[in-house]
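Report on one structure; see the data block that follows.
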Amino acid sequence: MLLFLNASKLAIRSLRIFIICSLISTFCKRYLFLQGLKINSSTLQNPILLLLRRLALALIILGLARILFWIVNASQFEYTGVVDFVGVMFWGSYFDLITLFYILLPFILLHLIPHPFFEGLIFEKILKLYFISMMAFLLILTGVDAGYFPFSKTRINVGLFKMAGHENVKLSKYVFDYIWFVPPILGVLFCAWKGYPKTKKCVNLRIYKQVILNIVFVGLLILTVRGGFRLKPLRSVDSALFVPQSHAQLVVSSGFNFLESLLGESIKIPVYFDKKQMKGIMKGDYYACRQMKAGPNKNIVILILESFGKEYTFPATGTAVSHSPFLVQLAKQSAFYSHAYSNGTRSVDAIPAILEGVPKLTKTDFMYSNYLSNITPGFPFYLKKEGYNCSFYHGGKNGTLGFEAFLKSRGWLYSGKDQYSGLKADFDGQWGIFDGPYLQFVAKELSDKKSPFVAAVFTLSSHHPYTLPAQYSDSFKAISEPMHKTIRYTDQCLSQFFKAIEKEPWFKETIFIITGDHSGQNFSKFYQRSDRKYEVPLLVYDPSNPQPTVNTNIIQHSDIVPLGLDKIGFTGKIFTLGTYFETADKKMAFQNEDGNYQAITQKYCFSFNGKNFKLQHTSLEKQSMVSDTLQYILKSKIQNYYYRMVHNKYY
């Protein structure tokens with residue numbers, strides 16, 4: 001299997017090298033390059049080789065478009081030298097190839113399907129006209145993108161055109177403002193028309209050889225377009241895997257981002273308040289964080305525990321059994337939040353909320369949405385400029401759920417299974433490294449770090465199929481549920497983690513924030529209720545001041561960024577769409593369940609389908625309606641969120 005994977009990677013690289021060679025040969029004299037290689041020029045009239053030469057021309061055109069975009073937005077992207085320039089252009093051509101695969105698909109297929117019209121003059125003109133038309137479309141798209149980028153700070157997507165329609169934008173004025181784009185676009189198209197590789201006489205191999213060659217070519221092209229044997233196909237956010245974060249948006253072309261957005265959910269901003277009202281509401285999203293005794297150089301360690309719901313950790317009396325004795329003891333030395341909620345039901349909802357302050361308020365997960373490239377106000381947004389190192393540790397396979405690309409694009413240093421230096425036996429055979437050895441690895445990594453730092457650690461052993469290390473196969477016999485056994489195992493691993501770091505000099509200079517990413521399976525009827533299934537543990541442990549407190553206010557995952565900044569004494573304005581800084585009566589947790597909103601307060605749990613509110617649960621008697629105040633709060637959060645996402649103003 002390993003040999004097959006290596007051979008496939010080599011084949012993909014060979015295809016890329018051939019395309020690059022085609023870039024050179026396209027603009028060389030007809031025989032100079034070929035005679036040097038002792039190749040007859042008719043060989044290049046094979047349909048596949050002819051197609052590659054034409055794709056090479058398209059890559060050159062899109063490369064020029066990328067340079068144009070960069071020049072226009074030079075103030076947005078610093079030129080850092082030849083190496084970074086080459087990296088941007090090389091990996092940019094890779095994303096361009098993906099764009100061409102989709103936008104030129106009919107063009108590509110007609111080169112691969114044998115037919116008698118291939119050499120016909122009319123057929124060739126149709127192919128050429130289609131090719132030039134698509135290049136014109138991509139160049140115009142790049143021109144619009146280049147002009148709009150300084151305002152949007154994100155690459156163009158289908159939402160821009162929908163927004164223009166909804167807001168009656170005068171596109172004619174916009175076009176005239178950037179009319180100077182027209183001459184270079186026309187110039188490039190003229191050169192493309194003249195330089196388009198022509199067909200003289202098609203040279204096909206024997207039919208069975210040509211069919212095999214076509215199949216191999218299509219297979220390699222699909223693998224290249226997909227990004228090889230990745231867990232998920234390449235997305236715009238994956239550009240941060242190849243180049244520095246500061247240049248990631250240069251790698252993704254206007255065409256790629258536009259096509260990607262067509263496949264995703266484009267949200268329409270709901271209108272509950274007029275512009276004047278919204279302006280006042282949005283001003284309230286910024287808070288001046290007060291100075292704490294901790295000082296600005298405290299470290300932050302965020303421990304995100306897979307599937308740790310409140311039911312198995314801190315259950316209400318008589319409702320369930322806790323399987324986390326270490327956490328229970330640690331809570332007695334911590335600030336414990338007894339009404340903490342996740343913003344979603346999956347890990348892909350938790351990571352953006354906990355680390356970047358983005359709750360799930362759309363049907364589509366933020367990490368898979370059209371707005372993934374938007375600026376988000378996470379820990380790196382505030383703390384990197386203060387000299388903090390921001391790292392994320394997850395023992396899972398690199399690329400799992402898209403975490404690596406997403407977090408790198410936000411300024412996090414990512415460490416996954418590939419960076420783990422322990423034993424091969426530490427792999428659980430499914431997801432990644434067992435929590436025990438991985439947390440010990442993280443302990444050593446943190447001890448080697450220079451303060452101040454922010455480190456997020458995401459465990460995995462309590463994920464289905466709930467695998468335990470071999471040495472624990474006979475442990476926890478008193479626990480019947482496999483999931484509960486892994487909860488108990490991870491809790492024990494946490495105990496060992498704290499023992500490993502408690503004597504380190506940085507330990508007492510660190511704030512520990514511990515929570516679950518979401519609740520797993522709910523066995524207790526008490527926690528199967530629509531609000532309680534979102535309950536997760538949340539405690540803040542400060543070893544320098546281990547005083548137990550219980551905070552009964554509502555708090556949610558998207559409040560953790562302001563919570564962490566507040567605890568380390570960050571000074572300056574903080575943006576949050578949560579309610580961390582609100583008074584107790586206005587604190588709220590909210591979720592989106594398949595397009596329906598749910599909000600949780602101290603006394604109420606209610607739903608909203610975009611038109612009507614419905615009271616789900618309440619601790620008050622004779623209460624059947626959702627108050628106007630609560631309706632106002634939730635509606636303002638929804639419209640605010642959607643507006644900021646569409647306009648890339650979520651910061």
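Not measured: the values here are computed from a predicted model.
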If we ignore angles and hydrogens, is there a donor and acceptor under 3.5 Å between the side chains of [X] and [Y]?
{"X": "K450", "Y": "N389", "answer": "no"}
{"X": "R488", "Y": "S324", "answer": "no"}
{"X": "Q419", "Y": "N398", "answer": "yes"}
{"X": "D426", "Y": "Y420", "answer": "yes"}
{"X": "N522", "Y": "E311", "answer": "yes"}
{"X": "E509", "Y": "N299", "answer": "no"}
{"X": "W412", "Y": "E404", "answer": "no"}
{"X": "D428", "Y": "T467", "answer": "no"}
{"X": "Y337", "Y": "Q556", "answer": "no"}

*Do other residues, nucleotides or ligands put more than 12 heavy atoms under 6.0 Å from the NZ atom of K449?*
yes
*Assign the ring pair Y472 / Y489 to parallel, tilted or perpendicular, where the plane angle (0 to 90°) is split at 30° and 60°.*
perpendicular
*Taking the inter-plane angle between the rings of F392 and F458 on a 0 to 90° scale, is it parallel (under 30°), tilted (30 to 60°) or perpendicular (over 60°)?*
tilted
On the six-membered ring of [Y], is [X] placed so that its NZ or CZ lies under 6.0 angstrom from the centre and within 45° of the ring axis?
{"X": "K587", "Y": "Y580", "value": "yes"}
{"X": "K417", "Y": "F427", "value": "yes"}
{"X": "R532", "Y": "F526", "value": "yes"}

*Only one of S342, S462, S347 passes side-chain hydrogen bond (donor to acceptor under 3.5 Å, both in side chains) with D517; say which it is.*
S347
_Residue among F308, Y312, F476 satisfying ring pair (Phe, Tyr, Trp, His ring centres under 6.0 Å) with H484_ = Y312
*Identify the residue among F242, F256, F85 that makes a ring pair (Phe, Tyr, Trp, His ring centres under 6.0 Å) with W91.*
F242
*For the rings on F512 and F498, is their centre-to-centre separation under 6.0 Å?*
yes
*Ring-ring centroid check F403 F406, cutoff 6.0 Å*: no
*Interatomic spacing from NE2 in H518 to OH in Y534 - rounded to 0.5 Å*: 11.5 Å
_Lys/Arg N to Asp/Glu carboxylate O, E535 vs R529, below 4.0 Å_ = no
